[in-house]
> 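The structure that follows is given in the form of structure tokens.
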2 protein chains.
Amino acid sequence: MSPQPNKRPGRTIRSVQIAFNIIDLLQEEAGIGVTRIADELGHSKSTVHSHLRTLEERRIIVREGDGYRLGLRFLDVASHVRDQIGNFDIVQKEVDSLAEETGEIVQFGVEEYGMVSYLHKAQGEHAVETLSRVGTQQPMYSTSLGKTILAYLPPERIEEIAAAMEYEPKTANTITGPEELFEELETIREQGYGIDDEENINGLRCVSAPVKNDETILGAISITGPSSRFTEDRLHGELADYVRSAANVIELNTKFS
Amino acid sequence: MSPQPNKRPGRTIRSVQIAFNIIDLLQEEAGIGVTRIADELGHSKSTVHSHLRTLEERRIIVREGDGYRLGLRFLDVASHVRDQIGNFDIVQKEVDSLAEETGEIVQFGVEEYGMVSYLHKAQGEHAVETLSRVGTQQPMYSTSLGKTILAYLPPERIEEIAAAMEYEPKTANTITGPEELFEELETIREQGYGIDDEENINGLRCVSAPVKNDETILGAISITGPSSRFTEDRLHGELADYVRSAANVIELNTKFS
DNA sequence: AGACACGTTCCCCAGGCGGGAACAGATATA
DNA sequence: TATATCTGTTCCCGCCTGGGGAACGTGTCT
């Protein structure tokens, strides 16, 4: 885990931290029990036990066999979260249809905590398999979604996020510093879409278009595919057009809601 | 909320309870702030403040405007939960294709805490709109998914769940007591599928088939539609066949994993 | 300028919570 | 069958944490 410069001060509650440590652990590895959790987190069994009881009563976790796993309540929470983000149905519909039309991977992402989170993803029929899943967090400097969203955030927020970034080179093409990033953002604003030319994963290219409501950016929609199919020409041509028009449809539908 | 007879004893941790009360509240209503939350939960502002700080540091919640909402991390958690349940991709694929084939609503549900949770849902093109969403919990006695799953649970678990049930009549056809329920379960076991004849919502009928792994039930798959299209004959005929063969495909694919 | 929201900070002190150890079952090993 | 060694559970103690009240800072209305 990277250091977190955005740590605001103020008191934080230990028991709650422990509870979420347990949840995090169960997210990584389901089916473990009291002893194992206690060892892993460095707490006494009795402590962990009380916590598990609490979480179980809350239906956050479920006993299964001889161990615990996270409960299905999280699915419900997740669907509420999506709804709260606004117009998820339209986003979903547009992403799905673009994926079907093009046969590639289409994703919609929003910014949170200085990273991109994927809200929805659809795979067309000859889409490449990638590891990214809905909900995953990715850095903003190495993805077209991230750069595109960043380009349209308010200047002070761009500064803030850029300052907290650690430029880790994922491939030979990854952006490695702020100057380069700011130039790229400028380009994106000029052409109205963003490109990822194997900057995050070797062999993969993406184009993204911003989705705005008035002047505030809501997120971005992207299409991803292998460099073999995604030539320079297609990227800047028809593929860019695809995402821009999809973004437009979403914008039009969200504007009046 | 119904009373919870399954309350195991044991110590439970107050601060964690408070934290989840806050999360629950934010799930219901996003965008509220410290004061409002404090009022709603009957805590002091300072208490709520510390909790919000903790949750924010954990990225469970996010500041937005002047209020908080649940964070996108929940999407990630939800996708982990689905994976942990086992073979979600196969379930998803089968549900989607059945929905496309029939044009109706297809759902997959599993039992948790004596209720049915929807793991996945797909709407065909002329599907009726229903309120149920992924993650929602429904009672077991009034839904075909619920009854079907219940029918194949171990006897002692059936007893346990049935004992904790409160039979609330949703429509004129809702099952109203244990005897009636047990008879119905017997019928389901005999015919190998379960029917909901407007027992949960007026005008809607469903058929469900169980998905088992060896002798343990994993969940059930159902198809839902308006009574006008879902006649007695179709329900027990082609529609039952549809869900049973879909259930079979899932069973075959999960068996060897 | 005043009044009233809001979020934040400070401090206090009771009681909640973490930990150690003892206890209870279940499974394994001989 | 007895012994050992895993589990999960319960009990109790004492520290310190977390909840509450009140003061404070700030912005937004009259």
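Here is how names work: the chains are called A, B, and so on, in the same order as the sequence lines, proteins then strands, and each is numbered from 1.
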> Rounded to whole angstrom units, what separation is found between the CZ atom of R11(A) and the C1' atom of dG18(D)?
5 Å
> Any side-chain N or O of H43(B) less than 4.0 Å from the OP1 or OP2 oxygen of dG18(D)?
no
> Is T47(A) touching bases, backbone alone, or none of the nucleic acid, heavy atoms closer than 4.0 Å?
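The residue T47(A) makes base contact.
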> Would you give a per-nucleotide map of nucleotides 22-30 of chain D, 5' to 3', where B means the base has a protein non-hydrogen atom under 4.0 Å away, S means only the sugar-phosphate does, and - means neither?
---------
> Judged by modelled atom types alone, do S144(A) and D196(A) share a side-chain donor-acceptor pair under 3.5 Å?
no
> Return the 5'-most residue of the pair V16(A), V34(A) with respect to DNA chain D, ranking by each residue's nearest nucleotide.
V34(A)
> Heavy atoms only: give me the nearest G114(A)-R157(A) pair and the separation to one decimal.
N-NH2, 4.0 Å
> Using OP1 and OP2 only, check whether a side-chain N or O of S15(B) sits under 4.0 Å from dG19(D).
yes
> Please report the shortest heavy-atom distance between G71(B) and V81(A), naming the atom on each side.
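Looking at all heavy atoms of both residues, the closest pair is O-CG1, 3.8 Å.
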> Between D76(B) and Q27(A), does any side-chain donor sit less than 3.5 Å from a side-chain acceptor?
yes
> Using whole Å, report how far NE2 of H49(A) lies from C1' of dC23(C).
13 Å
> What is the bend of the helix from dA1(C)-dT30(D) to dA30(C)-dT1(D) when you compare the axis at one end with the axis at the other, using five pairs each and rounding to 10°?
40°
> Given that G67(A) and G42(B) both sit by DNA chain D, which one's nearest nucleotide is further toward the 5' end?
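On the 5' side of the pair lies G67(A).
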> Could you walk me through whether R36(A) and D66(A) satisfy the salt bridge (Lys or Arg N to Asp or Glu O under 4.0 Å) test, starting with their C-alpha distance in whole Å, then the side-chain angles of each, then the deciding distance to 0.1 Å, before giving a yes or no?
CA-CA 12 Å; R36(A) 179 73 188 286; D66(A) 41 20; over 6 Å; no
> Ignoring hydrogens, what is the shortest heavy-atom contact between L52(A) and I22(A)? Give both atom names and the distance.
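Smallest heavy-atom distance, with atoms named: CD2-CG2, 4.0 Å.
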> Send over the distance from I13(B) CD1 to dG19(C) C1', rounded to a whole Å.
12 Å
> How close or far is atom C1' of dC17(C) from atom CD of Q17(A), stated in whole angstroms?
15 Å
> Please give, in whole Å, the distance from dC17(C) P to L41(A) CG?
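Going from CG in L41(A) over to P in dC17(C) covers 18 Å.
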> Could you state the atom-to-atom distance from CD1 of I37(B) to C1' of dG19(D) in whole Å?
16 Å
> Less than 4.5 Å apart, side chain to side chain, heavy atoms only: is that true for Q138(B) and Y118(B)?
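Yes. Closest side-chain heavy atoms under 4.5 Å.
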> Would you confirm whether the ring centroid of F182(B) sits within less than 6.0 angstrom of the ring centroid of Y141(B)?
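For Y141(B) and F182(B), the ring centres are not under 6.0 Å apart.
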> Report the distance from atom CZ of R14(A) to atom P of dC15(D), rounded to the nearest whole Å.
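After rounding, the reported distance stands at 15 Å.
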> For a quick test of reading the model, state the closest non-hydrogen atom pair linking A78(B) to L75(A) and the distance between them.
O-CD2, 3.6 Å
> In whole Å, what is the span from the CD1 atom of I32(B) to the P atom of dA5(C)?
18 Å
